[in-house]
2 protein chains.
Amino acid sequence: MTVRNRTRAAILAAAASALGRNRAATLAEIAEAAGVGRTTLHRYFPDREDLVRATVADSLRAIAENVLAARPHEGPAREALRRLIAAMVETYERSLFVWGEPAGVPEVDAGPGPAEADAAVRALIERARDEGAVDPAMSVDWVQQILWAVTYTGGEAGAKGQIARGGVVDLVVRTFEGGVRPAA
Amino acid sequence: MTVRNRTRAAILAAAASALGRNRAATLAEIAEAAGVGRTTLHRYFPDREDLVRATVADSLRAIAENVLAARPHEGPAREALRRLIAAMVETYERSLFVWGEPAGVPEVDAGPGPAEADAAVRALIERARDEGAVDPAMSVDWVQQILWAVTYTGGEAGAKGQIARGGVVDLVVRTFEGGVRPAA
DNA sequence: ATCTACTGGAACACTCGCGTTCCATAGTGG
DNA sequence: CCACTATGGAACGCGAGTGTTCCAGTAGAT
């Protein structure tokens, strides 16, 4: 039983990574990256669509888990935001796959986690607004999209080595906070 | 002669649009979007790689043209930045193809335009820094990446109708300027 | 009006990734 | 030690997309 789970997890991780870099990645490539035969891959995920959907669901679940682990409800909004950004920068590669799809991601049932995490982030943004850290004139949607965009940019810059290891979170936090701060 | 150029341009525009939405777009789809037979498409671009390279080069050239048309060297840096952002938001769809490639774009020779445009943007950022509008502690690379990220986010939000037609440029400018402003 | 260049449809072979089946092997649990 | 399960390699048919060729129709130039 454990064996199955480990194999499955390895395939999903490899798929998230490979598909994140190149959505047209071959099943053979994914199988090789997972250290698994193509036959085995097909045993776990009968066809490509199954694999993609499972990978999306798994990644969404992993991201949501990370978001909620950052305790977005607790403490001052700015501190919670920093925790959130730090968590997102860490899961950067996982997000790549979900986030980097121009055509969007197929709708999958990934349980209540992602919806809950999304609601928590939105609530956090509203809380930050009430605390005067976010411009009330900006919609929550916009602020959230900027949050992901800046985080993504930071993650990528970090991955390319353009920014020192420890400096990424600081830079992202500063840039994000400045961008959405009230004008006055 | 003119006919050839018009056909060629139509194909390149259709390819930029189709490949921007979906990098795996079929040649038949692209041909149909261009209002051209697949045979004709092959006549202009013998194989897929030729088409992709030509489309990349054409898009880079178009983007560079727009950047330079915004006169990034002239006037106060903040005004030039606003002109630049307005131009980029307008060419948003064209940029999608070049910008939205996770795996990056094949290296192509697109003439001196793109390099010149890139240099102009970097010079503009340095000028903005000297005028006190950009934090000297942030690298030009980072500021430039944030500029594209925020512009892209604005373009997308506008395309989805989340933001009022006229408001996109204002929102992007405000968010960008706030994000990269000196701390004090 | 005629000639030329451009076009696009049809048909073809070819490649490549996909999904399947079969079988031999290795590792696990009783 | 003996089932039993998971694995992966080999081989196959299949379909889609690609690149090519041939040919008939058409629009533009002279």
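As a basis for the values below, the full set of heavy atoms in this structure was taken, side chains included, without hydrogen atoms, waters or symmetry mates. So you know, we letter chains A, B, ... as the sequences are listed, proteins then strands, and number each from 1.
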Judged by atom type as modelled, is there a donor-acceptor pair below 3.5 Å linking the side chain of A/Arg83 to the main-chain atoms of A/Ala70? yes
Checklist entry - Counting only side-chain N and O atoms of B/Thr40, is one of them less than 4.0 Å from OP1 or OP2 of C/dT7? => result no
N or O in side chain of A/Thr7 less than 4.0 angstrom from D/dT7 OP1/OP2: yes
So, with a heavy-atom separation below 4.0 Å from DNA chain D, the residues of residues 26-34 of chain B are B/Thr26, B/Leu27
Note to self: Under a 3.5 Å distance rule, please check whether B/Thr55 uses its side chain to pair with a backbone N or O of B/Leu51 as donor and acceptor.
What the structure shows: yes
Atom CZ of B/Arg6 and atom P of D/dA27 are separated, to the nearest Å, by 13 Å
Looking at B/Arg43 and C/dG8, is any side-chain donor or acceptor paired with a base atom of the opposite kind under 3.5 Å?
yes
Closest to the side chain of B/His42, out of C/dG8, D/dG8, D/dT18, is D/dT18
**Main-chain N/O of A/Ala77 paired to A/Glu131 side chain as donor or acceptor, under 3.5 Å** = yes
Taken to the nearest whole Å, CZ/B/Arg38 to C1'/D/dC22 is 14 Å
Q: Could you tell me whether a side-chain N or O of A/Thr40 sits under 3.5 Å from a main-chain N or O of A/Val36, the two making a donor and an acceptor?
A: no
Original post:
Quick check: does any side chain N or O of B/Asn22 sit under 3.5 Å from a backbone N or O of B/Ala18, one acting as donor and the other as acceptor?
Top reply: no
Q.
If we ignore hydrogens and angles and just use 3.5 Å, is the side chain of A/Ser139 paired with the main-chain N or O of A/Trp142 as donor and acceptor?
A. yes
| N/O donor-acceptor pair under 3.5 Å between B/Glu29 side chain and B/Thr26 backbone | yes
Expected list for residues 45-58 of chain B near DNA chain D, using heavy atoms below 4.0 Å, is B/Pro46, B/Asp47, B/Arg48
Problem - N/O donor-acceptor pair under 3.5 Å between B/Arg127 side chain and B/Pro72 backbone - result: yes
**Prompt:** Does B/Tyr44 put a side-chain nitrogen or oxygen below 4.0 Å from OP1 or OP2 of C/dT7?
**Reply:** yes
